[in-house]
Amino acid sequence: MSHLMNTYARLPVAFSHGDGSWVTDTEGKIYLDALSGIAVSTLGHNHPELVAALAAQCRRLLHTSNLYAMPQQEQLADKLAALAGMDEVFFCNSGCEANEAAIKLARFYGHRRGVDCPAIIVMEKAFHGRTMATLSATGNRKAQAGFEPLVSGFVRAPYNELDAIRAIAEKNKNVVAVMLEIVQGEGGIHIADIDFQRGLRRLCDEMGWLFICDEVQCGMGRTGKWFGFQHAGIRPDVVTLAKGLGSGIPIGACLTAGEAAGLFCPGNHGSTFGGNQLATTAATTTIDVIENDQLIANAVLVGQLIKAGLTQALKEVDGVVDIRGQGLMIGIELDRPCAELVTRGLEAGLLINVTAEKVVRLLPPLNFSAEEGEELVTRLSKLIRDFLAA
Ligand SMILES: *Cc1c(COP(=O)(O)O)cnc(C)c1O
C-alpha cells in the first residue's frame with residue numbers, strides 16, 4: 001500500500017526526463033506535452049538558460065530569509081510591477097497563497113474604510129485554491145463538500161454578468177472587492193468579455209471596491225499578453241500570480257496598485273520561503289527568456305494555429321460543442337464527459353487534461369513550436385474523433 005495520502009487519482013505513468021515540449025516516461029516512451037504540468041512549465045523542460053541560472057544560484061545561495069534585504073526579490077518586484085503596471089509585490093510559493101494574501105488585503109482595506117464585516121464577490125465556476133479561504137472563494141460545491149464551515153465573507157455572482165454584480169452592489173453594503181479569473185482555467189476555459197472587464201472596473205471605481213484578478217493560471221504571457229487583463233486595457237488593484245511564474249520552481253506573487261498598495265506593514269503578512277533566492281532566480285530567468293525569445297508573440301501565433309487547426313479538423317464532427325481560448329490557453333468543449341481522453345492521450349503519446357468534465361484543456365509551454373502545434377492538432381483531433389465515434 002502506498003504511504004502517499006490519496007489526494008490525486010494518479011495516471012499510471014511516471015516520467016524520467018524531458019526536453020523542450022517532450023517528456024520521456026520510465027519505460028522510454030516519448031510524449032508531446034500540451035499541458036506543461038498545468039501551465040507551470042512556461043519554458044518547457046530542461047531549458048538551457050533556466051538550468052544554467054538555477055545551477056549557478058544553487059552554488060551561491062538557495063535561501064536566506066525575508067529577515068534580510070533581498071536584492072534579487074527587489075529586482076523581480078520592479079520587473080513584475082513594470083510589466084503589469086502595478087506598484088508593489090509580495091512573494092509567496094503558490095497560487096492559493098497569493099490569493100490568501102489578496103483576500104487578507106481586501107479585508108484589511110475594508111476595515112480601514114469602516115466595513116466591519118467585509119465581503120468579496122466571487123464568480124460561479126471560479127477556482128482560487130484549496131486552502132480554507134481560497135476553497136471558500138472557489139465556486140465548486142464538490143470541492144467544498146465536507147470541509148464546512150467555510151470561511152464567510154464571499155458572495156457568489158454569475159461570470160460575465162455585470163447586471164447581477166450591480167444588483168449585489170445595491171443590496172450588500174459589506175462588499176469591498178471583486179475577485180475573478182480573466183480566463184477561468186479549472187472552470188472550463190471561460191473568457192471574461194472585454195465589456196464585462198471594463199464595466200466591472202468602472203463599477204469598482206464607483207463603489208470603492210478592489211478589483212482582484214487571479215492570474216495564477218492565465219498570467220505570465222499565456223493568453224498572448226503578459227496578463228489577461230491587458231487585453232481589456234484595464235488595471236486591476238490586485239493581481240495574483242503563481243503557476244507559470246517560476247517555470248517549475250514554486251513561486252507566487254500578489255501585486256497591488258493604487259488604493260490596494262501600501263496597506264500591509266511589518267507583522268501583517270509574511271512567508272518563510274516566499275521569494276527566496278532560488279525561486280526569484282527562476283522567475284527572473286523565465287521573464288528574461290519570454291522577452292528575449294519573444295514567447296508572447298509565439299503564444300499568439302501558435303495558439304491561433306492550434307485553434308484554427310482544431311476548428312478545421314473537427315468541423316462537422318458531432319459532439320464538439322465549442323473550441324475557444326486565448327493564446328496558449330485553449331479549451332475544446334464536448335457534449336459529454338470525456339475524462340477518458342486523458343488516458344487515450346497517454347496511449348497516443350500526448351499529455352492533455354480534461355476539466356469541468358467535458359472540456360479538453362490545452363496549456364502547452366510558451367515556446368511550443370508551430371510544428372509541435374500541428375502535431376498536437378493531428379494527434380488530438382484523431383483522439384477526439386475516435387472518442388466521439390465510439
Ligand atoms: C491553480 C490555481 C490556483 C491555485 O494554485 P496552487 O498553486 O495550486 O495553490 C489559484 N487560482 C487559479 C486561477 C488557479 O488556476
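Counting starts at 1 for both ligands and their atoms, in listed order.
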Q. Taking NZ, NE, NH1 and NH2 as the nitrogens, is one of them in R166 or D163 under 4.0 Å from a carboxylate oxygen of the other?
A. yes

**Q.** N-O pairing of R222 and E181 below 4.0 Å
**A.** no

Q.
Using a 4.0 Å heavy-atom cut-off, which part of N99 comes near ligand 1: side chain, backbone, both, or neither?
A. side chain

Q: Return yes or no for this condition: an N or O of E186 is under 3.5 Å from an N or O of ligand 1.
A: no

Q. Taking distance alone, with no angle check, do F127 and ligand 1 share an N/O pair under 3.5 Å?
A. yes

Give the numbers and elements of all ligand 1 atoms closer than 4.0 Å to a heavy atom of [X].
X	value
K243	1 (C), 2 (C), 3 (C), 14 (C), 15 (O)
S94	7 (O), 9 (O)
E181	13 (C)

Q.
With heavy-atom distances below 4.5 Å as the criterion, would you say the side chains of I38 and N353 are in contact?
A. no

Q) With side chains defined as the heavy atoms from C-beta onward, is the minimum distance between E161 and E124 less than 4.5 Å? A) no

Q) Is a donor on one side and an acceptor on the other found under 3.5 Å between the side chain of E88 and the backbone of G262? A) yes

Q: Could you walk me through whether T223 and H231 pass side chain to side chain donor-acceptor pair (under 3.5 Å), step by step?
A: CA-CA 9 Å; T223 67; H231 291 280; 3.0 Å; yes

Pick from [options]: the one approaching [atom] most closely through a non-hydrogen atom:
atom	options	result
atom 11 (N) of ligand 1	L180, I251, D214	D214
atom 5 (O) of ligand 1	C92, A98, G95	G95
atom 4 (C) of ligand 1	C96, G187, P250	C96

Q. Can a protein heavy atom be found under 4.0 Å away from atom 8 (O) of ligand 1?
A. no

Q) Taking the six-membered ring for Trp, are F229 and F211 ring centroids under 6.0 Å apart? A) no

